[in-house]
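Treat the numbers as computed from the prediction; the structure is a model and nothing was measured.
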Amino acid sequence: MAKKGALGGKSKGGKTKKKSWTKVKVKDKLNNAVFLDQKQYDRCAKEVPKILMITRSILSEKFKINGAVSRALIKDLASKGLIRRVGDHTASFDLYSGIQAKSALEKAAEEAAALEAKQKK
């Protein structure tokens, strides 16, 4: 009899709704350029050497270009000497730094020197 009571009893809670999976947010597809025209190349060549940390993904996001294009751009700028390698590299991840890039400490030192020069005048 104890068996019948344990199996016979149904749950007394309210009906539960089934979980709906239709509320998932859809990410928009990126529409990045697959080639560089001369105007955009000149803009990249001017701005990239000022960036402290340069990777393929950073160039892709900043200039809205394809990953393969950003890889080719990195190789081209490195061969021209506008950017330099940082540390060891693998085929999947390359880290570069711009020649004209300044770290936060260097910027702070320059600002302090400029402030002192103003106060001396």
Side-chain angles (χ1 to χ4, degrees):
M1 287 306 237
K3 238 182 187 183
K4 190 176 182 183
L7 293 176
K10 294 185 178 179
S11 64
K12 294 181 180 178
K15 288 187 177 180
T16 57
K17 285 187 176 181
K18 285 191 174 183
K19 194 166 191 178
S20 173
W21 294 104
T22 58
K23 295 177 184 175
V24 177
K25 293 181 182 176
V26 178
K27 189 177 181 184
D28 292 332
K29 187 170 172 27
L30 295 174
N31 192 14
N32 290 342
V34 293
F35 65 90
L36 285 175
D37 56 354
Q38 189 61 38
K39 185 179 177 184
Q40 194 173 14
Y41 175 78
D42 292 339
R43 185 178 139 234
C44 291
K46 185 178 170 186
E47 291 182 23
V48 170
K50 297 175 186 172
I51 300 174
L52 185 63
M53 186 179 72
I54 303 167
T55 61
R56 283 181 285 179
S57 63
I58 288 173
L59 292 182
S60 295
E61 289 174 14
K62 186 171 176 98
F63 299 108
K64 301 291 185 232
I65 55 176
N66 198 339
V69 175
S70 63
R71 224 176 316 145
L73 182 64
I74 285 175
K75 282 183 185 177
D76 183 54
L77 295 176
S79 68
K80 290 182 178 180
L82 296 174
I83 58 177
R84 65 177 178 268
R85 281 189 164 202
V86 178
D88 295 330
H89 296 282
T90 62
S92 61
F93 181 75
D94 290 336
L95 183 63
Y96 288 82
S97 177
I99 296 294
Q100 301 170 4
K102 295 175 184 165
S103 68
L105 292 173
E106 291 170 341
K107 285 181 184 178
E110 275 187 10
E111 289 174 3
L115 188 65
E116 284 180 24
K118 271 187 177 180
Q119 289 176 352
K120 286 182 180 178
K121 288 181 181 181

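Residues in residues 64-74 take part in no side-chain hydrogen bond (donor to acceptor under 3.5 Å, both in side chains) pair, two or more places apart or across chains.
Interatomic distance, CG of Leu73 versus CZ of Phe63, reported as 7.5 Å (0.5 Å rounding). For the atom pair CD of Glu61 and OG1 of Thr55, the computed distance is 8.0 Å after rounding to the nearest 0.5 Å. In this structure, NZ on Lys50 lies 7.5 Å from CD on Glu47, to the nearest 0.5 angstrom. With values rounded to the nearest 0.5 angstrom, Leu59 atom CG is found 5.0 Å from Ile74 atom CD1. The CD1 atom of Ile54 sits 6.0 Å away from the OG atom of Ser97 when rounded to the nearest 0.5 Å.
Nearest heavy-atom pair across Met53 and Ile58 is O-CD1, 3.3 Å. When all heavy atoms of Lys80 and Tyr41 are compared, the pair lying nearest together is NZ-OH, 2.7 Å. Closest approach of Gly98 to Arg84, counting heavy atoms only: O-NH1, 3.6 Å. In terms of heavy-atom proximity, Leu52 sits nearest to Ala101 at CA-CB, 3.5 Å.
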Subject >> Derivation of the side chain to side chain contact (heavy atoms under 4.5 Å, CB included) call for Leu82 and Val48 >> reply: CA-CA 8 Å; Leu82 296 174; Val48 170; over 6 Å; no

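For Lys75, there are no side chain to side chain contact (heavy atoms under 4.5 Å, CB included) partners, not counting sequence neighbours. Applying the side-chain hydrogen bond (donor to acceptor under 3.5 Å, both in side chains) test to Lys102 and every residue at least two apart in sequence or in another chain returns Glu110.
Contact check for Tyr96 versus Leu77: no side-chain heavy atoms found under the 4.5 Å cut-off.
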